[in-house]
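One structure below.
When a residue number appears, it is its place in the shown sequence, counting from 1.
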Amino acid sequence: MQIEAAKKYVVKVYSDKGPLEASPWNLIGEFNNASQATEACKRIVDDFLHKSLERGLDARDLEYQFLSYGDIPCINCCENIGIFDVYEYLNMRCTQFNS
């Protein structure tokens with residue numbers, strides 16, 4: 001009898017704001033499907049952008065701020081290729097916020 005473990009979608013963020021001896025990867029959570037994991041990644045990007053919008057930045061400056069100071073979300077799973085492109089989503093959201 002073979003037991004098949006449920007595939008988990010693990011969301012982590014890369015953040016270089018911590019101490020040098022600490023890992024730059026921080027666990028956000030484990031999810032049962034790609035949709036949940038993608039939503040978690042989108043929330044990370046959106047939360048940062050909403051805070052930056054308060055400073056009145058345009059789309060280009062929003063992208064620059066995120067790429068310079070934001071935590072970069074990543075989905076780890078055996079099927080993660082193409083699930084979530086943080087740069088594509090970032091560009092789309094920055095453009096929407098400035099429309």
Side-chain angles (χ1 to χ4, degrees):
M1 175 193 237
Q2 184 179 9
I3 299 173
E4 187 155 330
K7 297 175 184 170
K8 293 287 185 182
Y9 293 80
V10 179
V11 175
K12 293 184 177 185
V13 293
Y14 179 86
S15 176
D16 59 2
K17 297 175 191 78
L20 292 176
E21 62 275 359
S23 171
W25 290 99
N26 299 310
L27 178 66
I28 298 302
E30 293 184 1
F31 302 91
N32 293 322
N33 59 55
S35 177
Q36 292 172 336
T38 299
E39 288 304 312
C41 291
K42 288 178 178 181
R43 275 193 307 274
I44 292 164
V45 174
D46 288 343
D47 288 348
F48 183 91
L49 294 178
H50 283 290
K51 291 174 188 170
S52 296
L53 275 174
E54 295 170 1
R55 296 190 298 246
L57 301 174
D58 65 12
R60 183 173 173 218
D61 290 335
L62 278 172
E63 279 191 69
Y64 178 79
Q65 286 294 310
F66 182 83
L67 294 173
S68 297
Y69 306 109
D71 293 339
I72 307 297
C74 176
I75 300 172
N76 293 320
C77 180
C78 60
E79 303 169 356
N80 66 337
I81 297 176
I83 291 177
F84 179 72
D85 183 337
V86 66
Y87 305 106
E88 181 181 306
Y89 183 73
L90 174 64
N91 182 271
M92 179 193 70
R93 293 299 285 159
C94 288
T95 302
Q96 287 175 344
F97 284 138
N98 280 271
S99 296

Group every Ile, Leu, Val, Met, Phe, Trp and Tyr by side-chain heavy-atom contacts under 4.5 Å, then state whether [X] and [Y] land in the same group.
X     : Y     : result
Val45 : Leu57 : yes
Val13 : Phe66 : yes
Ile72 : Leu27 : no

Taking ring pair (Phe, Tyr, Trp, His ring centres under 6.0 Å) as the definition, give me every residue that meets it alongside Tyr14, ordered by chain and number, with sequence neighbours left out. Trp25

Applying ring pair (Phe, Tyr, Trp, His ring centres under 6.0 Å), name anything that partners Tyr89, two or more places apart in sequence or on another chain. Phe84

Are side-chain heavy atoms of Val86 and Cys41 found at a separation under 4.5 Å? no

Pairwise side-chain contact, Leu67 with Tyr87, heavy-atom cut-off 4.5 Å (strictly under): yes

Carefully, step by step, assess Lys12 and Asn26 under the rule side chain to side chain donor-acceptor pair (under 3.5 Å). CA-CA 5 Å; Lys12 293 184 177 185; Asn26 299 310; over 6 Å; no

Distance check, rounded to the nearest 0.5 Å: [X] atom [atom1] versus [Y] atom [atom2]?
X     : Y     : atom1 : atom2 : answer
Ile83 : Asn76 : CD1   : CG    : 9.5 Å
Tyr64 : Cys94 : OH    : SG    : 14.0 Å
His50 : Leu62 : NE2   : CG    : 10.5 Å
Ile75 : Ile28 : CD1   : CD1   : 12.0 Å

What pairs meet the salt bridge (Lys or Arg N to Asp or Glu O under 4.0 Å) rule with one or both residues in [range], with sequence neighbours excluded?
range          : value
residues 58-77 : Lys17-Asp71
residues 37-46 : Glu39-Lys42, Asp46-Arg93
residues 19-34 : none

Start with the C-alpha distance between Leu49 and Leu90, add both sets of side-chain angles, then the distance that settles side chain to side chain contact (heavy atoms under 4.5 Å, CB included), and finish with yes or no. CA-CA 9 Å; Leu49 294 178; Leu90 174 64; 3.9 Å; yes

I need the minimum non-hydrogen distance between Asn91 and Thr95, along with the two atoms involved. O-OG1, 2.9 Å

Sequence neighbours excluded, the answer for side-chain hydrogen bond (donor to acceptor under 3.5 Å, both in side chains) partners of Ser52 is Arg55

